[in-house]
Q: 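Could you have a look at this structure, given as structure tokens, before my questions?
Residue numbering restarts at 1 for every chain, and letters A, B, ... go by the order of the sequence lines.
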Amino acid sequence: MSPPEERPRDDRRFWIVFTAGVGVLAGLGAFTFRYAEGFSYFSRDPKACVNCHIMQPQYDSWQKSSHHAAATCVDCHLPHTFIPKYIAKADNGYRHSKAFTLQNFHEPIQITPRNSRILEANCRACHSAITADMAGGQHPQTTISCVHCHGDVGHGERTGMGRIDIMGRNE
Amino acid sequence: MNRLRRALSTYRMHLAVAGALLVLIGGVTALLVNIMERKAEARNPYVRLVEVGEDDTDPEKWGINWPKQFDSYRRTVLSTRTRFGGHGGSEAMPESKLERDPWLRRMFAGYAFSIDYRDRRGHAYMLQDQETTGRQSKPQSGSCLHCHASIMPLYRELGGGDAMKGFAESHKFLYKELNDKLHKMGNAHPVSCVDCHDPKTMQLRVTRPGFIEGIRLLADSKASVPHIPSIELWRQGNRKTPYNPNIDASRAELRSFVCGQCHVEYYCGPKQKLTLPWGEGLKADDIERFWDYQKFPDGTQFADFQHAESGARLYKAQHPEFELWSQGVHARSGVSCADCHMPYMRDGATKVSDHWVRSPLLNVNRSCQTCHNFPEAELQARVDVIQTRNHDLLQRAAAALMAQLDAIRKARSEGATDRHLAKALDLQRKAQWRLDFIASENSMGFHAPQEAARLLGEAADYARQGQLAAALWRD
């Protein structure tokens, strides 16, 4: 049984250790965040999307696609307004880092239904002059998506990467 | 008593907070180390711990530098099975094709394949299976080693440093002689790293002299090859230097060429050097025409063997996977052999091509789903439809050929001579060539379904025409 006058000293010792622990955690956390290039995820630089190298083929193929000059990763894959954009960033960031750390994702990488809806909305937003009058405009989830046919605009042809375009040369 | 309880609960709370802190710090540290590992993986595709050169045919040595590729390469010892491919039978001895499809034995009468012809096994067994096949009861030519061993050092030795020269001599040796040399030199390995990779840069390259000469014949021909754009580009140039796949071909093309070094049609007997018959093109009819024009060095007309039952002089199709793939929609779309048979897989932050070469049906997500956005079961079902149809058509064409052989036998018993049967025997060669082309090809028609069906349809038609010609031999 401890005498009552020893309690404050115990508390003080605990608080010193606690503060030191929180300091270590904060320092380590901040360093890890910086080391993992955490700030880049607040930018719109496509390079941030290949930080972890998993998306390298997607990045490479985007550079060979027709939309390369018109749109970057975030233009198609994230909502354009602030709050939904950061919700999507947080959602994807959490899923991607979990998958990359645990290495337990599906091969080949596939877009999630939620991200697919974001993508579809972005196609329609930029190309609204064409899509506004199209059937299904009000029900994007239930009708065919733009990329079902225009699958090559964002990431090029699925095959033939690195092929020599002999047909073009002949013309 | 109350005081004690309070002290204890404070103590417990402190312990819980400290514990939580420790777990958090440990977790963040683990995450940091994980990130560091991934970054390191991305930075160093490989570390060259040992030097490897052109004469290093032992894959284990390469495996020290490239353990990930080596790991999957080693898995080719495992037996794999799909509905039409791979092997039944025991682990030690694949099932005999001759038992399963007895018409094969009759079709190859007079040729060593009628003695022993089995299901395929993984790359790891290519040399062992060749050394122990029952076909070795007849003397075989040294040409066979072109594709069953890591042979380049031996070719250089035979040619005094010049592999092409050594290759041109190799058919004159008996298989057993050349194989002994190979073992003595320490190069008795199945296909190895050095056969497809430049040891300095790890770039893909082709080494097999037979392929280098064959693809040159193809480049020099007038055959249309839209799936090999580098040949069409080379043809537009001045053609002063011959087409060289290691210089002219794109990386995507080399991802098929390395396989095409061996998974092709060729002559590999003792009468002339190993020949890839691409001087007229890659289609079965083009190759047939090439063999029709071909004369052995002694001036006689080319043939692989004479049929023991009918007396027809015939061509034997070897596994023409590269040629059949060339006629399919995948080749036309720029999909290479390696894209489906050695698909990329991720290992941490690195991308490794799977060196466990096997049927894409065993790896549908990496092989097919990269392009085809459908569930695995759906893709499997589509392939199954194609292969089942091809299998049924194949059996039908085989039945037609057997009926033709029956008719020829009957005509012979009635006194028909070679002169009477000239047309029937000619038609047997045409029918059997087409049937064998698809039967020996290892995709059950999948590499080019329409082309396979065309050839099997023609095979059945020629066989029935031949049956008729034999029945009407008196006319």
Q: CD1 of Ile83(A): more than 12 outside heavy atoms within 6.0 angstrom?
A: no
Q: Given that the side chain runs from C-beta out, which part of Ser336(B) has a heavy atom under 4.5 Å from chain A: side chain, backbone, both or neither?
A: neither
Q: Does any backbone or side-chain atom of Val28(B) lie under 4.5 Å from a heavy atom of chain A? Answer side chain, backbone, both or neither.
A: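 It is both, since atoms from each part get that close.
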Q: With a 4.5 Å heavy-atom cut-off, do His14(B) and Val17(A) have their side chains touching?
A: no
Q: Crowded around Arg34(A) CZ? As in, over 12 foreign heavy atoms under 6.0 Å?
A: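 Incorrect, the count does not exceed 12.
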Q: In Å and rounded to the nearest 0.5 Å, what is the NE2 to CD distance from His106(A) to Gln369(B)?
A: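 Answer rounded to 0.5 Å: 4.5 Å.
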Q: Going by side chain to side chain donor-acceptor pair (under 3.5 Å), name the residues that satisfy it together with Arg216(B), two or more places apart in sequence or in a different chain.
A: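 Testing Arg216(B) for side chain to side chain donor-acceptor pair (under 3.5 Å), a comparison that skips the adjacent residues, returns none.
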Q: Taking every heavy-atom pair that is under 4.5 Å apart, which of Leu22(B), Leu21(B), Leu24(B) has the most such pairs with chain A?
A: Leu21(B)
Q: Need one label for Phe100(A): side chain, backbone, both or neither, based on atoms under 4.5 Å from any heavy atom in chain B.
A: both
Q: For the CD atom on Gln450(B), are there more than 12 heavy atoms of other groups (residues, nucleotides or ligands in this structure) within a distance under 6.0 Å?
A: no
Q: Using a cut-off of under 4.5 Å for heavy-atom pairs, which of Arg346(B), Arg366(B), His330(B), Met345(B) has the most such pairs with chain A?
A: Arg346(B)
Q: Identify the heavy atoms of Asn365(B) and Pro108(A) that sit nearest to each other, and give their distance.
A: O-CD, 2.9 Å
Q: Which of residues 31-38 of chain B have a heavy atom under 4.5 Å from any heavy atom of chain A?
A: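 Expected list: Leu31(B), Leu32(B), Asn34(B), Ile35(B), Met36(B), Arg38(B).
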Q: Counting only heavy atoms not in Arg235(B) (residues, nucleotides, ligands), do more than 12 fall under 6.0 Å from its CZ?
A: yes
Q: Answer yes or no: is there a donor N or O on one side and an acceptor on the other, between the side chain of Lys39(B) and the main chain of Tyr35(A), under 3.5 Å?
A: yes
Q: Does a side-chain heavy-atom distance below 4.5 Å link Phe14(A) with Val17(B)?
A: yes
Q: So what's closer than 4.5 Å to chain B heavy atoms on Gln56(A): side chain, backbone, both or neither?
A: neither
